[in-house]
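Notes to accompany the following structure.
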Amino acid sequence: MGEKMKCAPPLSKETGVLDVKPLRTLSPMFPASLGLNAVSPPASWPFVFVTPHGSFTSGNEVLFPSNFCSLYPSFCPNGMDKKSIKSSQVKKTNGSVHDGAGKNGNGPSHDTVLAPCPLRAMPVITVLSDNDEDLLLNDGLSTSDVKIEQPVPLGSCPVGGGEIEGSDMKKPKRKRFKKAQDPELMMLPSSSYDARESVEAILMTFDALRRRLLQLEEVKDVNKRSVTKAGTIMMDHDLRANNVKRIGHVPGIEVGDLFYFRIEMCLVGLHAQSVSGIDYMTARFGDEDDPVAVAVVSAGGYENDDEDADVLIYTGQGGSGKNDKKQIDDQKLERGNLALERSLHRGNEIRVIRTAKDVSSPGSKIYIYDGLYKINKSWVEKAKSGFNVFKYKLVREPGQPDGIVTWKMIERWRKDPSLRGKVILPDMSSGDEKLPVCLVNDVDDEKGPSHFTYTTKLHVSSSISKTLHGCMCHNVCLPGDANCSCVLLNGGDLPYTSNGLLVSHKPLIYECGTSCQCTPSCRNRLTQNGITHRFEVFRTKDRGWGLRSWDPIRAGAFICEYTGEVIDKGREDEDGENEYIFQPTNTDDNAFSWNYIPELLGEPSHPDSSDTIKPLQIIISAKNMGNISRFMNHSCSPNVFWQAVQRDNGDEGYPHIVFFAIRHIPPMTELTYDYGPCGDEIVKEDVPNSDRSRRPKKCLCKSPKCRGVFR
DNA sequence: GCGAGTTCATATAA
DNA sequence: CTTATATGAACTCG
C-alpha cells in the first residue's frame, strides 16, 4: 500500500531541534511477539526473528544483514564479527538430567547472543516428554511434573542469511508431528515462561493474520476462508508451538485459556486434530505400544449443565453418515474410541476442552481449556437412532485452577446479580454506561475508592481546534469505498472488522464523527458507542483497585476509553500527587508487533515505526472525573494496549485514547496495560517539580519480564 | 432469528 | 505419498 505518513519528525519543545529518540531495547508493550522482544527489525529485514532463548544448535552460523548491527548496536556485542555471529553453543545432552526450570543458570541467560534467523526457521518451543518416557508413563502416568521445553533444531535455518520471500514463495514443506522419543529433540531445558511467551506470540500472530485476511476479503470478492488461510500460513511457516504430542500438561497453556477456532488449539499443541474431537497418540508402556487419548474437545456445550462441573460424559466417534450428523451405523472400537478405551486402562491424564456459546457472535463457539481429566468408566449405549455409541465418563483431576466453573458461576450471576455477593455498588456509572459496572471487594474492608465523578466523556479544553473531517456516506461506511473520506484517512481500509475487532494497531485511527453523514450504526464508530462487556471494579490483594470483566474478551476487541479531563502540560500535579494521569509514551514501537506480519501475505513491510509517529501532546487526568479505565493497573506483561483515535476534533495531538485487548482474555482476569517505561532521564537525573506526579513506582506485576518500576 | 443443509476446507493416522 | 476420517467454519435457505 502506498499510504504516506504525514508526520514530520518531532520537534523538541524546549529547543525546537529535531528530537530523535534513541532506539530502546525495552519492550513496554508486548513481551515477545515472536521473539521480537528486544528490537523491532528494520523494514529491510522483515524476516528476522529472534528466539526467546537465543540458543541455536552448534554449527549453525546465522548471518546478520549488512545494516543490522548499525541499526541495532545493542544486538551485536563487541568483539563479534558484524556479519557472522556464531550463536552460543547448545549442548546436546542425551539422557542427562535437567532440573527443567532454567532459572538455576541452566537455561540460556539474557546475556546470550540473540541471533536472528529467517522466519521459516523460527525456532518454536517444542515440548518433549523426558527421554525416559517409558519410566514416566509407568510412574504415575503423568508428565505434568516434567517440563522440558526446547527449541527445535534449526535444521532448515539457511546458512548465509535469509532470502526474503515474496508473494511468489513456494509452499514450504510442512513439518510433521515429531515423535517424542526422537533423540534429536533432547536438548537443554528453558523456563516455562518462554513457553507461555511462545504460545501467546503464536496466537497473536495467527489472529492478526486472520483479521487482516478478513479485512481483505471484504473488499475483494474472494472465498471467505480467513480462518483456514491464516491457519495454513502459520502451519506452512512452522509458526507453531509444542509440535510434539504429549500426555498431560502442555507448556505455555494454562487452565482457562480461550480459543475461538479449532486451528488455534492445533497451532499451540493443545489438540492436534482440526476437526475430530479426540486427539490420541501411540505411547509406550513397558514393552507394549498402546494408543491412548491425549485430549478431547467436548462440543456439546452446556447440555449437562446441572451436572457436576468436574464430570464429563463424552460420546465416542464414528457411525455417522457422510454429510449428516445422524447415526447410520454402530460405532466401532477403533481410532479415538479405541484410544479412549486404552486410556481407561492406562489411567493417563486427558486434556479436556469444553465449549461455550459466544454470545457476542451468535452461531460461533468459544473453546475453553478445562485442565486434566481421567477416564473413570466406559459403556456402550443405544442412541436415539437405535445404533450403539460408546460413552466415557471423565473426571477432573483435583487441585487444578478453576476453568469452566468460572463460566458457569458468571452465568448464574448474570441471571441474578445478587448472587455475585460482596457488591459495594451495583453500578458505579449510575446508568451512564450501557452495562452496569459493579464495585466489589472480596478481599478486605475497604468500602471503595476515594470520591470521583463518573464520566463517559473526554472533557476537552476549549482551546483545542475543532476543525472536523467528515464523510458523505449515506447509510454506513463500507470497506474499500474510495469515495469515503474516512476510509481514505485510514489508509484505504476500515480499521475494524465487521464484528468490531481492531485489525491493526496504528499511530492514529480516524473514526467517523459528528460531521460524518453516516448513521450511528456505522462500524467506523466503534469506540464512541460505549462499552460492550460487563465489567467489575474489584479490590486486588496488593495493588488497590483493579478492573476485570465477566465476559470473555477477544483479541482486538474494544474495551473502554480513557475518559477524564484533558489538562495542560505542567499542570499534572497542580493539586498534589496524581496517580490518575494518562500520558502517551512515544517509545512503544513494540505495540506494532501486535500487527500481522505483512510478508506472510506477500505485502511489503509497513513503515510504522517510532520515527514516523508524531508524539501526542495530550495528557488526561482522571483524578476528579473518569471511568473504569482509571482503575486499570500497570503490568509489564499486559493484556491490553492503548490506541489513539481521532473522532470529534481536528487536532491530531489531542485524540481519544481507547483500549483494546492484546489477546483473548478469560472472564475474571485482571485487565492491565503498560503505563510506559520510566524514562532514563527521570530515573537518573533529579526529578523536576513538574514531573513529581510521574515519579517511578515500584512495580508489583510479578511478570517474569517485570522492569521493576513504572511511572 | 434459528436450525438444517451445503460447500469447501484441513491435520493427522494409517 | 495417498487416502480416509472427523463434534470445523462460513454460508444459504426456509
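As a basis for the values below, the full set of heavy atoms in this structure was taken, side chains included, without hydrogen atoms, waters or symmetry mates. Chain naming here is simple, since letters A, B, ... match the order of the sequence lines and numbering starts at 1 in each.
- The side chain of A/Met235 approaches B/dA11 more closely than any other nucleotide in the set B/dC8, C/dA6, B/dA11.
- Between the side chains of A/Gln215 and A/Thr497, no donor-acceptor pair is found at a separation under 3.5 Å.
- The distance from atom NE2 of A/His271 to atom C1' of B/dA13 is 13 Å, rounded to the nearest whole Å.
- Rounded to an integer number of Å, the gap from A/Leu270 CG to C/dG8 P is 16 Å.
- Two residues, A/Ser364 and A/Gln273, neighbour DNA chain C, and the one matched to the more 5' nucleotide by heavy-atom proximity is A/Gln273.
- A donor and an acceptor atom, one from each side chain of A/Thr315 and A/Lys391, are located under 3.5 Å apart.
- Note on A/Thr228: every side-chain N or O is 4.0 Å or more away from OP1 and OP2 of B/dT10.
- Checking C/dA6, B/dA9, B/dT10 against the side-chain heavy atoms of A/Thr232 singles out B/dT10 as nearest.
- Going from atom CZ of A/Arg262 over to atom P of B/dC8 covers 22 Å, rounded to whole Å.
- The shortest non-hydrogen separation linking A/Tyr280 to A/Pro291 is CD1-CB, 4.4 Å.
- Note: CZ (A/Arg246) to P (B/dT12) measures 17 Å, nearest angstrom.
- Side-chain contact annotation: A/Gln317 with A/Gln331, donor-acceptor N/O pair under 3.5 Å absent.
- Between A/Lys229 and B/dT10 there is no side-chain N or O to OP1 or OP2 distance below 4.0 Å.
- Taking 4.5 Å as the limit, some side-chain heavy atom of A/Leu333 sits within range of a side-chain heavy atom of A/Glu341.
- Closest to the side chain of A/Ile263, out of B/dA11, C/dG8, C/dC11, is B/dA11.
- In this structure, OH of A/Tyr280 is placed 12 Å from C1' of B/dA11, rounded to the nearest angstrom.
- What separates NZ of A/Lys357 from P of C/dA9 is a distance of 16 Å, to the nearest Å.
- When all heavy atoms of A/Ser343 and A/Ala293 are compared, the closest pair comes out as OG-N, 2.8 Å.
- Among all heavy-atom pairs drawn from A/Phe558 and A/Leu526, the shortest one is CB-CD2, 3.8 Å.
- When heavy atoms are screened at a 4.0 angstrom cut-off, A/Gly316 is found touching base atoms of the nucleic acid.
- Spacing between atom CG of A/Asp358 and atom P of C/dA10 amounts to 11 Å, rounded to whole angstrom units.
- Side-chain proximity of A/Gln317 to C/dA6, B/dA13, B/dT7: nearest is C/dA6.
- A stem is defined here as three or more consecutive Watson-Crick or G-U pairs, each with both distances under 3.5 Å; for DNA chain B these stems are B:2-8 with C:8-14, B:10-14 with C:2-6.
- The A/Lys245 side chain lies nearest to B/dT12 when the options are B/dT12, C/dA9, B/dT10.
- Relative orientation of the A/Phe641 and A/Trp594 rings is tilted, given thresholds of 30° and 60° on the angle between their planes.
- Atom CD in A/Glu217 sits roughly 12 Å away from atom P in B/dA9 (whole-Å rounding).
- Backbone-only contact: A/Gly318 has heavy atoms under 4.0 Å from sugar-phosphate atoms and none from a base.
- Here C/dA10 is the nucleotide among C/dA10, B/dT12, B/dT10 with the atom lying nearest to any side-chain atom of A/Val227.
- The listed nucleotides are C/dA6, C/dG8, B/dT10; the one nearest the side chain of A/Tyr367 is C/dG8.
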